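Just so we're clear, the structure is a prediction, and the values are computed from it rather than from any experiment.
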Amino acid sequence: MKKFLPFVLLALAVAAGFLLWRQIHVAESPRPSAALPSAAPAVPAPQVQQVEAIKNPLPVSDNGQAAAQPLPSLADSDAYMARALDAILGSDFVAGHLQLKEFVRRCVATADNLGRSYAPSDIWPVNPTPGRFASMRTERKDGSTQETILTGNDSRYRELIDAVDAVDTHALATLYIDAYPLFQKEYQELGYPKGYFNDRLVEVLDMMIATPEPSGPVEVHLLQVDGPVKSTRPWVRYEFTDPALQSLSAGQKIMLRVGKANRAILRRKLTEFRDIVAAKRK
């Protein structure tokens, strides 16, 4: 069942941030982003097609048994992934946190969207966590008030962060390489017929790893929306007060929102994975 660990990285490495994203969703106009395509017809196990110049070719796999375990087609991957993820993470965790329908497609689309300004939540591979975003207000010396993300939000995502931290990065990267044809096939069907998914993944990982480190509490504010109907979920309309932070990619905003301790774990794990799949190319 270790064959399926590559999919776990794509789901879990962003899961902690996504669960917070659902509670403090950036209130901005939708930008161009990868959509979740309809189910593809059954086809033989996917093969990597002709692509444009590759910047980050995958290293050769050191898993000699990979060839003996052929991958399913994308159309047949849901049940396959459900069984594998149950075995790896446990059925309770999978049922409570993951979206298994078109799971591979969700992982590829999400990885692509994390490098954009907007990542639509309806195609993410994970479920929202219970509870909601909370902020705190403090008074400045000049008498004005500022609102910041409440530090206590971090603890709500420890289970997911711990799951990411426990993953064997080298084994995960090796198995991602073995399963790469599925990711590549889906990326081409997503709308990039000549694209190379690993290049896009490395690009997005670099963005997330390079997320700026705040010098203090992250200030936010509630975006005011005028209208006759009062919002029943105002906490989803928070934005970063600093324009530089608000202009970051969706993945970088997630890295900021998970909190300093969680961010350090994610940055380390993403860097380890990136250095393997990109052969340490900077």
**Message:** Using only atom types and a distance under 3.5 Å, with no angle test, would you say the side chain of Gln184 pairs donor to acceptor with the backbone of Gly195?
**Reply:** yes
**Message:** For the backbone of Asn198 and the side chain of Asn56, can you confirm whether one donor and one acceptor N or O come within less than 3.5 Å of each other?
**Reply:** no
**Prompt:** Do the side chains of Arg257 and Arg263 get nearer than 4.5 Å, heavy atoms only?
**Reply:** no
**Prompt:** Which atoms form the tightest heavy-atom contact between Pro217 and Thr148, and what is the distance?
**Reply:** CB-CG2, 3.8 Å
**Item:** Asn262 side, atom CG; Ile254 side, atom CD1 - distance, nearest 0.5 Å
**Value:** 13.0 Å
**Item:** Leu248 side, atom CG; Ser117 side, atom OG - distance, nearest 0.5 Å
**Value:** 11.0 Å
**Prompt:** Checking side-chain contact (heavy atoms from CB on, under 4.5 Å) for the pair Glu189/Arg105: CA distance, chi angles, key distance, verdict?
**Reply:** CA-CA 9 Å; Glu189 290 193 3; Arg105 297 174 185 270; 3.6 Å; yes
**Message:** Using modelled atom types and a 3.5 Å cut-off, is there a donor and acceptor pairing between side-chain atoms of Asp78 and backbone atoms of Glu102?
**Reply:** yes
**Message:** Any side-chain to backbone donor/acceptor pair from Lys253 onto Leu245? Under 3.5 Å, distance only.
**Reply:** no
**pair Ile161-Leu266: side-chain heavy atoms closer than 4.5 Å** = yes
**Prompt:** Do Asp199 and Lys55 meet the salt-bridge criterion of a basic N to acidic O distance under 4.0 Å?
**Reply:** no
**Message:** Under a 3.5 Å distance rule, please check whether Tyr180 uses its side chain to pair with a backbone N or O of Phe197 as donor and acceptor.
**Reply:** yes
**Request:** Identify the heavy atoms of Gln246 and Phe240 that sit nearest to each other, and give their distance.
**Result:** OE1-N, 3.0 Å
**Prompt:** Of the non-hydrogen atoms in Pro181 and Leu71, which two are nearest, and what is the gap between them?
**Reply:** CD-CD1, 4.2 Å
**Message:** Check this for me: does any side-chain nitrogen of one of Lys260 and Glu213 sit under 4.0 Å from a carboxylate oxygen of the other?
**Reply:** no
**Message:** Working to the nearest 0.5 angstrom, can you tell me the gap between Phe103 CZ and Thr110 OG1?
**Reply:** 9.0 Å
**Asked** Is Gln99 close to Trp124 at the side-chain level, that is, under 4.5 Å between some pair of heavy atoms?
**Response** no
**Prompt:** Looking at CG of Leu205 and CG of Asp275, how far apart are the two atoms once the value is rounded to the nearest 0.5 Å?
**Reply:** 10.0 Å
**Item:** ILVMFWY cluster, Leu100 and Val126 together (side-chain gap under 4.5 Å)
**Value:** yes
**Asked** Can you find a pair of side-chain heavy atoms, one from Leu201 and one from Phe183, that are under 4.5 Å apart?
**Response** no
**Asked** Would you find a donor on one side and an acceptor on the other, under 3.5 Å apart, between the side chain of Asp112 and the backbone of Val108?
**Response** no
**Prompt:** Would you say the side-chain atoms of Asp76 pair up with the backbone N or O of Pro72, donor to acceptor, closer than 3.5 Å?
**Reply:** no
**Any donor-acceptor N/O pair, Glu219 side chain to Thr241 backbone, under 3.5 Å** = no
**Asked** Do Met207 and Leu270 sit in the same hydrophobic cluster, where Ile, Leu, Val, Met, Phe, Trp and Tyr count as joined when their side-chain heavy atoms come under 4.5 Å apart?
**Response** no
**Message:** Main chain of Ser249, side chain of Arg116: is a donor-acceptor contact present, judged purely on distance under 3.5 Å?
**Reply:** no
**Complete:** Note: Val104 and Glu186 closest approach over all heavy atoms is O-CG, 4.4 Å
**Request:** For the residue pair Arg268 and Asp165, establish whether any side-chain heavy-atom pair is separated by less than 4.5 Å.
**Result:** yes
**Prompt:** Taking C-beta and beyond as the side chain, do Ile276 and Glu272 meet within less than 4.5 Å on heavy atoms?
**Reply:** no
**Arg274 side-chain N/O to Val202 backbone N/O, donor-acceptor pair under 3.5 Å** = no
**Item:** Worked verdict on Val258 versus Asp154 for side-chain contact (heavy atoms from CB on, under 4.5 Å)
**Value:** CA-CA 6 Å; Val258 298; Asp154 298 6; over 6 Å; no
**Request:** Side-chain contact test, heavy atoms from C-beta onward, threshold under 4.5 Å: evaluate it for Ile123 versus Asn113 and give yes or no.
**Result:** yes
**Message:** A side-chain contact here means heavy atoms from C-beta on lying under 4.5 Å apart; do Pro214 and Asp242 qualify?
**Reply:** no
